Amino acid sequence: DQQVKQNSPSLSVQEGRISILNCDYTNSMFDYFLWYKKYPAEGPTFLISISSIKDKNEDGRFTVFLNKSAKHLSLHIVPSQPGDSAVYFCAVVTQSWGKLQFGAGTQVVVTP
Amino acid sequence: EPEVTQTPSHQVTQMGQEVILRCVPISNHLYFYWYRQILGQKVEFLVSFYNNEISEKSEIFDDQFSVERPDGSNFTLKIRSTKLEDSAMYFCASGGSGTDSYEQYFGPGTRLTVT
């Protein structure tokens, strides 16, 4: 089941620079998308979401961009901080209050 | 801030034994979920629960699995006869407090080890 793909397993970025994480999906019917952050031995923590009626949503240092025609979303973190080092998952809502389908995750390492 | 809680944090059991994983969802949420993550793999959906019944289940959620909301606050996942391949992190999630957003909030997980 490859409906949600995060093709970069890892990303290394310097503190203070921008982190850009990418996610592609295959089903054009999906219309709500979420990003989660996960530390080892913890549950996923909700970060930010976007609905298909928007192409951008911002919350502090986090911005999510949605390109519906390309079936692509991205998460920008700026500036990156050491505490941002974690695995980031994108997820799609398959139907109203239905299951989430997750990507494989991208491990972000923020270096000083 | 309200959060989802799960107990135990780690459960070790022998193959063939029954286990019950417990969750307390966020109190005003209406939808409840179980997911699991086998080491090195994706987070995968198991089951969703709404209005005291299962609303959706995956092919993983076979007759060995069951869910219950026994008392209006707890939400449990039972595995009747555990197999080695059931070893994973199990996450409970909840959502749906009457808004239009579809965020699900996850608990810290239970690490299940089947020996």
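Every heavy atom of this structure was used, including side-chain atoms; hydrogens, water molecules and symmetry mates were not. Because the structure is a prediction, the values reported are computed rather than measured. Every chain is numbered from 1 and lettered A, B, ... according to where its sequence line falls, protein lines coming before strand lines.
Within 6.0 Å of atom CZ in B:R69, more than 12 heavy atoms from other residues, nucleotides or ligands are found, so the atom counts as buried in its surroundings. B:D63 CG: 12 or fewer foreign heavy atoms inside a 6.0 Å radius. The 12-atom threshold is not exceeded at CZ of A:R17, counting heavy atoms of other residues, nucleotides or ligands nearer than 6.0 Å. A 6.0 Å sphere centred on CD of B:E85 holds more than 12 heavy atoms belonging to other residues, nucleotides or ligands.
Nearest heavy-atom pair, A:W97 versus B:Y33, reported as atom, atom and distance to 0.1 Å: O-OH, 2.7 Å. Taking each heavy atom of B:F106 and A:P44 in turn, the nearest pair found is CB-O, 3.3 Å.
Of the listed residues A:G105, A:G98, A:S51, A:A91, the one with more heavy-atom pairs under 4.5 angstrom with chain B than any other is A:G98.
In this structure, A:Y36 and B:V43 have side chains that are not in contact, with every pair of non-hydrogen atoms separated by 4.5 Å or more.
When heavy atoms are compared at a cutoff of 4.5 Å, B:Y50 does not approach chain A at all. Neither the backbone nor the side chain of B:E44 comes within contact range of chain A; no heavy atom of the residue lies under 4.5 Å from a heavy atom of that chain. A:Y39 does not touch chain B: none of its heavy atoms, backbone or side chain, sits under 4.5 Å away. Using a 4.5 Å cut-off between heavy atoms, B:E56 touches chain A through its side chain atoms alone.
If you chain together hydrophobic residues whose side chains sit under 4.5 Å apart, A:I48 and A:L21 fall into the same group. Following chains of ILVMFWY side-chain contacts shorter than 4.5 Å, one can reach A:I50 starting from A:F30, so the two form part of one hydrophobic cluster. Residues B:V114 and B:L46 share a hydrophobic cluster, clusters being chains of Ile/Leu/Val/Met/Phe/Trp/Tyr side chains in contact below 4.5 Å. By the criterion of side-chain heavy atoms lying less than 4.5 angstrom apart, applied directly or through intervening Ile, Leu, Val, Met, Phe, Trp or Tyr residues, A:Y88 is not grouped with A:V109; the two fall into different hydrophobic clusters.
For the residue pair A:Y32 and B:E103, a side-chain donor N or O sits within less than 3.5 Å of a side-chain acceptor on the partner.
Here the NZ-NZ distance, from B:K57 to A:K99, works out to 13.0 Å after rounding to the nearest 0.5 Å.
Judged by distance alone, with hydrogens and angles left aside, the side-chain atoms of B:Y102 form no donor-acceptor pair with the main-chain N or O of A:L100 at under 3.5 Å.
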